[in-house]
Amino acid sequence: MANDASTVFDLVILGGGSGGYAAALRGAQLGLDVALIEKGKVGGTCLHNGCIPTKALLHAGEIADQARESEQFGVKATFEGIDMAAVHKYKDDVISGLYKGLQGLIASRKVTYIEGEGRLSSPTSVDVNGQRVQGRHVLLATGSVPKSLPGLNIDGDRIISSDHALKLDRVPKSAIVLGGGVIGVEFASAWKSFGADVTIIEGLKHLVPVEDENSSKLLERAFRKRGIKFNLGTFFEKAEYTQDGVKVTLADGKEFEAEVLLVAIGRGPVSQGLGYEEAGVAMDRGFVLVDEYMRTNVPTVSAVGDLAPTLQLAHVGFAEGILVAERLAGLKTVPVDYDGVPRVTYCHPEVASVGITEAKAKEIYGADKVVALKYNLAGNGKSKILKTAGEIKLVQVKDGAVVGVHMVGDRMGEQVGEAQLIYNWEALPAEVAQLIHAHPTQNEAMGEAHLALAGKPLHSHD
């Protein structure tokens, strides 16, 4: 807690999720006197209700699939089912360990941590627990919550959000997933691995619609092979209860029934009733508007993470929080290049990308100035060993740098690190091609793709 009412912090942060705590840790490291206010648990959505728990469920699903399919590797095993209580224990143990570590970091950096529901009371203060916490600068980082649609009541029983899905005490026999974006396909993938009958409803024409169209098509093909059903290109109309589940009707009259309906249409900002507009902060549809340095229109207020209309990714929150802390400490800062941020959807198979899509590249540079190359993982030894299928697609400005890397296949999320260096350092295909990639690794596929794009393919046809 603040020492007394006269204490003025250098930085008061409202919200202890990825963006907020990253700003607190970096700010304290740079000598700023920081207060961090959080109504729940430090770590926010990512640690407690998002990235970490969903990936734990997906890994448990991967183990289930491996047990079912072990004979194809010459290993005799039996799959006896899913113990959801044990799965939750595994997931919660992962979260608990990371949470304790994060609490230790906050304490070791001498950040003043205040647990309570805060509200912006002026451009330089936040009210919490009946006291006013003053700061020379205030950072808003109150995050997001699952969204719904008008007339669609999330009851936490038959119609659920991702928050409820993470705590479901059973594997549903059948599930409809409303939304084919990252959250929707990840839960669909995990539930299918657990043994559920899953149908995805996506109003746009492809799953993971913000990805390169080739990646979407590859994922759709893989999901069909896995028996995950989906209906694309028609929007949701209504949901109603049946005797033992829920029925979804689409705009074209098609009907689908299942035990549960997961509403996974995205996340909306947490900003209502927190005093932002009263303090003069510019807003749009609940988001706090910021410039490239995360500054609002109020000179003493910044905003980061899901609260701002930028990419809703934990690592984006980290980067934005660090940027704000360094700017306030007087360091030279560089705005985040959002195209250069790695993006991963952790379904089976994984979808990973960095840079821009082929369609966007053609829009920017002209169709005749864009070259695209696809490298099939069938030519990669380690991918063969793992029995995964997919592709690495490279998008290049003709005779210039690689501006997009788009990957589909198991473990492709682990390849996006090199991909982001290629994009962000504006590498030419020939420059990547001369680097030696270890054999046999999946990472080798990245090198092989660039060898092919540079005009000297090795384990692929001319």
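Each residue takes its place number in the sequence, starting with 1.
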Run the numbers on Val402 and Val432 for side chain to side chain contact (heavy atoms under 4.5 Å, CB included), then give the verdict. CA-CA 10 Å; Val402 173; Val432 182; 5.9 Å; no
Just by distance, with hydrogens left out, do [X] and [Y] show a side-chain donor and acceptor under 3.5 Å apart?
X: His459; Y: Glu444; answer: no
X: Arg226; Y: Ser193; answer: yes
X: Thr310; Y: Glu320; answer: yes
X: Asp10; Y: His137; answer: no
X: Tyr276; Y: Thr142; answer: yes
X: Glu211; Y: Ser216; answer: no

[X] and [Y] ion-paired at < 4.0 Å:
X: Lys167; Y: Asp163; value: no
X: Lys393; Y: Glu358; value: yes
X: Asp197; Y: Lys229; value: yes
X: Lys217; Y: Glu220; value: no

With a 4.5 Å cut-off on side-chain heavy atoms, are His450 and Glu431 touching? no
Are any non-hydrogen side-chain atoms of Gln415 and Met407 less than 4.5 angstrom apart? yes
Nearest non-hydrogen partners of [X] and [Y], listed with the distance:
X: Phe187; Y: Leu57; answer: CE2-CD1, 4.3 Å
X: Gly280; Y: Asn297; answer: O-ND2, 2.9 Å
X: Ser189; Y: His348; answer: OG-N, 3.0 Å
X: Val128; Y: Gly118; answer: CB-CA, 4.0 Å
X: Asn424; Y: Gly340; answer: ND2-O, 3.0 Å
X: Phe236; Y: Leu149; answer: CD2-CD1, 3.6 Å

side-chain contact (heavy atoms from CB on, under 4.5 Å) test vs Leu261 passes for just one of Val177, Ile176, Ile201, namely Ile176
Should the heavy atoms of other residues, nucleotides or ligands under 6.0 Å from CD of Gln272 be counted, would the total exceed 12? no
Taking atom CZ as the centre, does Arg411 end up with more than 12 heavy-atom neighbours from other residues, nucleotides or ligands that are less than 6.0 angstrom away? no
Do the side chain of [X] and the main chain of [Y] share a donor and acceptor less than 3.5 angstrom apart?
X: Ser271; Y: Gly286; answer: yes
X: Glu186; Y: Tyr346; answer: yes
X: Glu350; Y: Gly413; answer: yes

Glu62 vs Asp65, test: side chain to side chain contact (heavy atoms under 4.5 Å, CB included). Steps then yes/no. CA-CA 5 Å; Glu62 182 184 1; Asp65 287 333; 5.6 Å; no
